[in-house]
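Here is the structure we will look at, set down as structure tokens.
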Amino acid sequence: MREFQHDIAGDRVTVHVPETAEDLQEFWEWLYRARERGPVALDTETTGLDIFSPGYRLRTVQFGDAFDAWVLPYERGGYFASYARDAIRRCRQVLIHNAPFDWLVLDRHAGIPLEDLAPWTTDTRILASLVDPRQPQEGGIGTGLKPLSAHWVDPAAPDTQAGLTAVFRSLGLTKETGWAGIPLTDPTFLLYAGLDVILTARLEPVLRRELRRLGVRDQLVTYEHELARICTVMMRTGLVLDVEYTRGLDGQLGDDAERYAAEAARYGVENVNSTAQLADAFAGMGENLTERTASGAVKVDKNVLLSLADMGLQWQPLGVRTPNPLALAVVKAKRAGKWRQSYTRTFLDTVDADGRCHPFINALQARTGRMSITRPALQTLPSSDAMIRRCLLADPGHVVISTDFSAVEMRVLAALADVKRMKLAIERGEDLHDFTARLVYGEGFTKTHRKLAKGVGLGKIYGGGAATISRQTGAPIEDVQRALKAYDRLYPEIRRASSRWQREAFQTGMVKISATGRRLPLDRDRTYAVTNYMCQSAARDVLGQSMIQMEDAGLLPYMRLPIHDEILASAPAREAEEIAREVERCMTWPLYGVPIVAEAEIGGRSWGSLYGADY
DNA sequence: CTTCTCACG
DNA sequence: ACGTACGTGAGAAGT
């Protein structure tokens with residue numbers, strides 16, 4: 001047995017590393033005593049983050065409480081691995097920091113189904129997010145184990161990640177190769193692996209106490225754990241990648257990027273992504289660029305480039321000026337380069353041996369609670385052109401089903417602010433923006449009127465002013481100002497609720513969402529954002545509640561992605577119609593009496609088929 | 001590491 | 001009194 005000592009918060013703690021069968025017996029005896037006393041903290045060390053790539057290895061499994069940690073060298077196999085697996089199965093209450101990652105690792109590489117482990121897990125990252133969801137850049141503690149431990153457990157808690165990076169370097173390894181290459185005998189590696197579970201064990205009671213002090217409901221904690229589990233099942237399932245099509249598209253985008261970059265080079269622009277070079281080149285061509293960025297530099301973004309190229313936002317020719325050939329080449333080169341780099345490359349980099357991509361879904365990421373998806377960022381694929389979404393497919397024999405809520409943030413606002421006339425219109429099943437336009441401009445309202453009403457409605461939700469709404473909608477500012485006044489007369493409850501929410505939030509710097517009891521941090525110099533936080537957060541929980549209802553209805557095997565106000569699913573073609581109706585049913589329910597409704601669209605084999613692709 | 005840009009809801 | 005668009009992830013350039 002190897003043992004390492006360390007001091008945490010004034011206590012001497014011990015990290016044990018079993019080396020023999022007798023050592024494992026000792027571990028076993030500790031485990032039985034520990035699980036009688038309370039929850040056992042659990043963690044894994046692996047070769048990296050790409051859980052689904054070939055050659056991925058589970059290296060160690062750690063168990064611990066507030067004073068002792070045991071690092072089992074799983075990679076050695078034999079009884080080290082079987083003791084680790086059995087120990088996990090014997091634990092009843094388990095504490096994990098960022099559980100979805102370890103659930104997936106243990107599911108895929110240790111044969112422990114996440115369905116078995118998840119019900120017994122408390123994720124300290126979820127607890128921390130519910131205390132304060134802010135990242136360090138936003139002035140929060142963050143949700144990493146290190147900053148949380150430093151804040152709640154011991155200011156001198158070691159930065160195990162940074163410490164290991166230094167060890168990696170001393171061994172001639174890098175941040176990327178270190179996790180796979182470091183010997184399992186390395187003392188720093190073993191010590192830090194052990195300390196992580198000890199810190200997790202110490203974090204949990206502190207965060208629980210803090211949640212109680214803040215009045216956060218247990219129900220919310222349970223609900224977040226259910227959502228995390230549902231999202232982890234979706235990650236495990238992943239989406240089929242049309243590898244052949246994606247390779248073809250990747251090559252084509254690469255060729256396009258190269259061709260248009262060469263065109264730009266003829267005008268002296270070596271790098272189409274350099275705004276400085278572009279500004280110089282356009283100045284040399286006699287173009288007068290007037291817009292500036294926040295820091296005072298010449299603004300050269302897509303809007304500027306498209307107007308120089310005499311094109312509208314959808315790339316349609318406008319015919320108001322002579323198109324600048326450099327601008328045209330640059331927008332084309334940039335788009336092709338970005339779409340290749342951000343999408344097709346990432347698809348091909350992350351696809352597993354079975355041809356599936358497993359994005360990382362963070363069920364509780366934004367400060368409003370919104371979910372996010374990374375590697376690849378599947379919530380942000382282009383929707384104006386189907387070519388990128390065309391890469392992702394429903395399962396063999398399946399079709400894609402996209403079901404989205406109808407104007408969910410407007411409905412949520414009507415519910416939370418008790419907006420009488422809006423609620424009436426929703427109950428009658430009217431289109432909200434039509435309804436507003438009719439009340440303001442009469443029966444003969446035009447498309448422009450509706451667009452303005454929609455812009456103002458959205459502006460209300462975002463907390464925008466007349467100038468921004470005017471810029472976004474393209475409507476004259478006087479029209480917007482009039483429409484805003486009319487809007488406030490029609491729906492006076494919105495302004496009243498907004499003022500009340502701002503007043504309440506200013507006291508504590510926290511927004512409290514009535515429906516869930518969730519607390520959101522609000523910057524005191526941006527109290528106008530409170531309406532948006534209310535709507536965005538409540539809408540996120542409308543999605544979350546619907547996802548739970550979908551699981552209850554047996555739909556989890558079909559669920560693929562949560563996209564803010566939409567659920568993407570894959571379902572057998574023959575049952576698609578029936579499943580689509582079931583999904584709609586799960587996403588349709590009243591929020592404080594306001595009907596939330598959703599509509600399903602059934603596509604073909606590829607996700608792109610819902611955006612105009614013919615497959 | 002910050003800034004700018006661009007993709008989404 | 002007035003006015004403030006919200007939330008993300010990702011890549012590239014530049015400091």
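Convention: sequence-line order gives letters A, B, ...; per-chain numbering from 1.
Taking side-chain N and O atoms only, A:Ser342 has no distance below 4.0 Å to OP1 or OP2 of C:dG11. Between A:Tyr343 and B:dA7 there is no side-chain N or O to OP1 or OP2 distance below 4.0 Å. Distances shown here put every side-chain N or O of A:Ser295 at or beyond 4.0 Å from the OP1 or OP2 atom of B:dT3. Contact between the side-chain N/O atoms of A:Thr380 and the OP1/OP2 oxygens of B:dC6 is not found at any separation under 4.0 Å.
As a whole-Å value, the separation of A:Lys332 NZ from B:dC6 P is 16 Å. The distance from atom OH of A:Tyr462 to atom P of C:dA5 is 14 Å, rounded to the nearest whole Å. As a whole-Å value, the separation of A:Arg495 CZ from C:dG3 C1' is 12 Å. When rounded to the nearest whole Å, the span between OH of A:Tyr528 and P of C:dC2 equals 18 Å. If you take NE2 of A:His564 and C1' of C:dT8, they are 6 Å apart, rounded to a whole angstrom. Rounded to whole Å, the distance from CD on A:Gln137 to C1' on C:dG7 is 14 Å. In this structure, A:Trp501 atom CH2 and C:dC6 atom P are separated by 17 Å, rounded to whole Å. Rounded to whole Å, the distance from CG on A:Leu458 to P on B:dG9 is 12 Å.
Among the atoms of the strands shown, none is found under 4.0 Å from any heavy atom of A:Leu378. Within 4.0 Å (heavy atoms only), A:Ile461 reaches no atom of the nucleic acid at all. Residue A:Ala539 is out of contact with every strand shown, counting any heavy-atom pair closer than 4.0 Å. Residue contacts for A:Gln536: at a heavy-atom cut-off of 4.0 Å it reaches a base atom on one of the strands shown. In this structure, A:Gln365 reaches the sugar-phosphate backbone alone: every heavy-atom distance under 4.0 Å involves primed, P, OP1 or OP2 atoms, never a base. Using a 4.0 Å heavy-atom cutoff across all strands shown, A:Arg526 reaches sugar-phosphate atoms only and no base atom. Note on A:Gly465: only backbone sugar-phosphate atoms sit closer than 4.0 angstrom, heavy atoms only; bases stay farther off. Looking at heavy-atom distances under 4.0 Å, A:Thr531 makes no contact with the nucleic acid at all. Among the atoms of the strands shown, only primed sugar atoms or phosphate atoms (P, OP1, OP2) are found under 4.0 Å from some heavy atom of A:Lys302.
Looking at A:Gln277 and A:Val272, their side chains never come closer than 4.5 Å, going by heavy atoms from C-beta outward. Residues A:Met550 and A:Tyr558 are not in side-chain contact: their nearest non-hydrogen atoms beyond the backbone lie 4.5 Å or more apart.
Here the side chain of A:Ser384 is nearest to one of B:dC4, B:dC8, C:dG11, namely B:dC8. If you check B:dC8, B:dC4, C:dG14 against the side chain of A:Ala276, the one that comes closest is C:dG14. Checked against B:dG9, C:dA5, B:dA7, the side chain of A:Thr468 finds its nearest nucleotide in C:dA5. Checking B:dG9, B:dT3, B:dC6 against the side-chain heavy atoms of A:Ile563 singles out B:dG9 as nearest. Nearest to the side-chain atoms of A:Asn271 among the listed nucleotides C:dG9, B:dC4, C:dA13 stands C:dA13. When the nucleotides C:dT4, C:dA10, C:dA5 are ranked by their closest atom to the side chain of A:Ala467, C:dT4 comes out on top. If you check B:dC4, C:dG7, C:dG11 against the side chain of A:Ala294, the one that comes closest is B:dC4. Nearest nucleotide to the A:Glu138 side chain, out of C:dT8, B:dT5, B:dC8: C:dT8. Which of C:dG14, C:dT8, C:dG9 sits closest to the side chain of A:Ala366 comes down to C:dT8. Side-chain proximity of A:Arg370 to B:dT5, C:dG9, C:dG7: nearest is C:dG7.
Within a 6.0 Å sphere centred on CZ of A:Arg495, heavy atoms belonging to other residues, nucleotides or ligands number 12 at most. Counted within 6.0 Å of CZ on A:Arg247, heavy atoms from surrounding residues, nucleotides or ligands total 12 or fewer; the atom is thus considered open.
Residues satisfying the side chain to side chain contact (heavy atoms under 4.5 Å, CB included) test with A:His433, not counting sequence neighbours, are A:Met410, A:Asp431, A:Arg450, A:Lys454.
Ring geometry, A:His358 versus A:Phe52: the interplanar angle falls under 30°, so the pair is classed parallel (tilted spans 30 to 60°). In this structure, A:Phe347 and A:Tyr343 have tilted ring planes: the angle between them lies in the 30° to 60° band.
Within 3.5 Å, no donor on the side chain of A:Arg367 pairs with an acceptor on the base of C:dG7, nor the reverse.
A cation-pi arrangement is present between A:Arg390 and A:Tyr245, with the terminal nitrogen or guanidinium carbon under 6.0 Å from the aromatic centre and inside a 45° cone about the axis.
In this structure, the separation between CZ on A:Arg389 and CG on A:Leu610 is 9.0 Å, given to the nearest 0.5 Å.
Of the listed residues (A:Glu566, A:Glu601, A:Glu599), just one forms a side-chain hydrogen bond (donor to acceptor under 3.5 Å, both in side chains) with A:Ser402, and that residue is A:Glu566.
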- Taking Watson-Crick and G-U wobble pairs with both distances under 3.5 Å, convert DNA chain C into its dot-bracket string, 5' to 3', dots for unpaired and | for cross-strand pairs. .....|||||||||.
